[in-house]
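Here is how names work: the chains are called A, B, and so on, in the same order as the sequence lines, proteins then strands, and each is numbered from 1. Reckoned from all heavy atoms, side chains included, excluding hydrogens, waters and symmetry mates.
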2 protein chains.
Amino acid sequence: MPRPKTRIQIRNSETILEAALDVFSAHGFRGATLDQIAEGAGLSKPNLLYYFPSKEAIHQTLLTRLLETWLDPLREMDPNGDPVAEVMGYVRRKLELSRDYPRESRLFAIEILQGAPRMREAIEGDLTALVAEKAKVLRHWMEEGRIARLDPVHLVFSIWALTQHYADFDVQVRTVLGEGHDPYAEAGAFLETLYMRLLAP
Amino acid sequence: MPRPKTRIQIRNSETILEAALDVFSAHGFRGATLDQIAEGAGLSKPNLLYYFPSKEAIHQTLLTRLLETWLDPLREMDPNGDPVAEVMGYVRRKLELSRDYPRESRLFAIEILQGAPRMREAIEGDLTALVAEKAKVLRHWMEEGRIARLDPVHLVFSIWALTQHYADFDVQVRTVLGEGHDPYAEAGAFLETLYMRLLAP
DNA sequence: GCAAGATCTGACCATCCGGTCAAAACCCAT
DNA sequence: ATGGGTTTTGACCGGATGGTCAGATCTTGC
């Protein structure tokens with residue numbers, strides 16, 4: 001089964017990945033079982049393994065897809081745009097990603113937390129390269145005096161940390177806030193203030 | 001074995017917890033095995049279970065200890081001190097915690113990521129209460145015009161997110177920064193700037 | 001409507017893992 | 001040194017889990 005071709009193959013592959021995302025993001029790789037994924041996908045376990053050669057392969061497929069989604073908002077940061085607006089836009093898009101794809105965020109977090117055993121090369125390659133490229137853009141803006149002088153890489157880290165926190169620590173955030181709060185709306189306002197103050201030259 | 005009493009009991013219990021922290025923080029609860037912990041502690045598996053009744057019990061002991069360490073720096077924030085200095089002090093202490101106890105940070109992160117199945121009540125109780133108390137202090141400082149008006153709870157979240165990021169995503173941070181960097185020193189400087197700008201009234 | 005291929009399944013296997021237990025080894029006060 | 005309690009261990013158990021396989025069932029192009 002190199003590449004899905006028939007309609008059934010496409011549909012079932014997607015169903016499996018969807019169910020697997022649920023299970024992997026909730027329990028980690030080791031904590032997830034094929035039976036749980038099969039249950040979630042409404043398929044039998046041997047049928048899962050008809051579409052994917054192994055548990056590992058399902059996980060790998062999810063991680064590969066994930067990284068693209070993850071880096072896109074940063075890629076969109078335009079070197080020719082208005083510096084503050086561009087950074088603010090990135091913050092906003094990244095927060096939306098946390099809000100709309102919390103399972104992906106958690107899957108990624110679990111992987112990195114455990115030392116990125118199945119993502120090392122992607123991080124060393126694409127991710128590092130993209131950050132280096134965008135750090136250069138940020139540094140340029142700083143030299144022009146259009147945003148405050150800061151360590152550009154740590155600036156990016158701060159955006160990652162602050163936005164992913166709301167997806168990854170969702171339980172804690174909601175518990176501490178209590179009832180009657182919209183975490184993401186509040187986070188959006190808070191981060192807006194934070195970065196406006198931080199970036200002002 | 002209700003409470004360790006003899007010297008051997010104390011020594012072995014500590015050795016086990018130390019090894020268990022290594023393994024749990026690296027692989028999560030489900031990913032950790034008693035054999036790995038036993039290996040790390042230099043004891044046989046049945047001998048582990050002479051000191052702790054179950055894998056679960058070892059994990060629980062670690063989590064309970066952890067929460068204390070974790071909340072202490074926030075507890076130390078003094079309502080009668082200088083507002084900016086107090087918040088900056090908390091940021092610094094929390095970052096030191098990430099630097100000096102990264103395994104504890106990851107253990108905590110994994111637990112929350114997975115929905116805090118074994119920490120719910122602690123989060124709903126002690127943690128939420130402490131944050132509420134300190135949020136009140138922060139709000140008071142804001143009303144006095146001594147620090148900027150912000151959502152105090154999200155301010156605390158931001159401190160957690162930014163400091164824990166360096167422990168939890170250590171692999172990513174080091175990979176992206178490349179050789180010749182001291183992540184925590186740089187983070188200290190960056191966060192100093194960030195919070196000085198954010199808190200200025 | 002009928003092969004030929006694609007899809008699906010029940011039964012099964014080997015391994016891993018948390019945990020038990022009886023007995024051995026060890027420690028120490030008398 | 002000896003006896004009673006403490007500590008340690010090899011052997012083992014039962015259930016879970018990733019994965020296999022032979023064959024049954026369904027789809028589809030003709």
Side-chain angles (χ1 to χ4, degrees), chain A residues 1-64 107 110-111 114 117-118, chain B residues 1-64 107 110-111 114 117-118:
Chain A
M1 179 103 9
R3 261 146 235 270
K5 298 178 78 177
T6 75
R7 241 162 276 160
I8 291 179
Q9 277 168 22
I10 292 168
R11 177 170 49 82
N12 281 351
S13 295
E14 287 308 315
T15 309
I16 291 167
L17 289 172
E18 169 66 23
L21 179 56
D22 252 13
V23 180
F24 282 133
S25 69
H27 305 292
F29 180 78
R30 188 63 153 50
T33 74
L34 286 179
D35 285 296
Q36 283 175 297
I37 298 172
E39 163 100 26
L43 299 172
S44 68
K45 185 170 60 169
N47 205 8
L48 279 199
L49 294 162
Y50 173 71
Y51 290 101
F52 290 90
S54 66
K55 181 183 177 182
E56 187 77 40
I58 301 176
H59 193 250
Q60 194 62 54
T61 304
L62 284 173
L63 285 185
T64 306
L107 184 68
I110 291 178
E111 176 66 13
Q114 311 201 339
R118 306 156 215 275
Chain B
M1 179 104 9
R3 260 147 235 270
K5 298 179 78 176
T6 75
R7 240 164 275 163
I8 291 180
Q9 278 168 20
I10 291 168
R11 176 170 50 80
N12 282 350
S13 296
E14 287 308 313
T15 309
I16 290 167
L17 288 172
E18 170 67 21
L21 178 57
D22 252 13
V23 179
F24 282 133
S25 69
H27 305 291
F29 180 78
R30 189 63 154 51
T33 73
L34 287 179
D35 285 295
Q36 283 175 296
I37 299 172
E39 162 101 25
L43 299 171
S44 68
K45 185 169 60 169
N47 206 6
L48 280 199
L49 295 162
Y50 173 71
Y51 290 100
F52 290 90
S54 66
K55 182 183 177 181
E56 187 76 40
I58 302 176
H59 193 251
Q60 195 61 55
T61 304
L62 284 172
L63 284 184
T64 305
L107 183 69
I110 291 179
E111 176 66 13
Q114 310 201 340
R118 306 157 212 276

So what does B:L49 touch, heavy atoms closer than 4.0 Å: a base, only the sugar-phosphate, or nothing? base
Taking any heavy-atom pair under 4.0 Å as a contact, classify B:A32: base, sugar-phosphate, or nothing. sugar-phosphate
Non-hydrogen atoms of A:F24 and A:I110 that approach each other most closely: O-CD1, 4.0 Å
Between A:R11 and B:T33, who's closer to the 5' end of DNA chain C by nearest nucleotide? A:R11
Establish, with yes or no, whether the OP1 or OP2 oxygen of C:dC8 is under 4.0 angstrom from a side-chain nitrogen or oxygen of A:N12. yes
Can you give the donor-acceptor pairs under 3.5 Å from side chains of residues 34-48 of chain B to other protein atoms, not counting sequence neighbours?
{"from": "B:Q36", "atom 1": "OE1", "to": "B:T33", "atom 2": "N", "distance (Å)": "3.0"}
{"from": "B:Q36", "atom 1": "OE1", "to": "B:T33", "atom 2": "OG1", "distance (Å)": "3.4"}
{"from": "B:S44", "atom 1": "OG", "to": "B:N47", "atom 2": "N", "distance (Å)": "3.3"}

Would you say C:dT7 has OP1 or OP2 under 4.0 Å from some side-chain N or O of A:N47? no
Shortest non-hydrogen contact between B:S13 and B:Y51, atoms and distance: OG-CD2, 4.1 Å
Between residues 23-31 of chain A and DNA chain D, which residues have a heavy-atom gap below 4.0 Å? none
Under 4.0 angstrom between A:Q9 side-chain N/O and C:dA6 OP1 or OP2: no
Any N/O donor-acceptor pair, A:K45 side-chain to D:dG18 base, under 3.5 Å: yes
Measure CG/B:L48 against P/C:dC17 and give the value in whole Å, please. 14 Å
Just report the end-to-end axis angle for the helix from C:dG1-D:dC30 to C:dT30-D:dA1, five pairs per end, to 10 degrees. 10°
Calculate the interatomic distance between B:Y50 atom OH and C:dC27 atom C1'; express it in whole Å. 12 Å
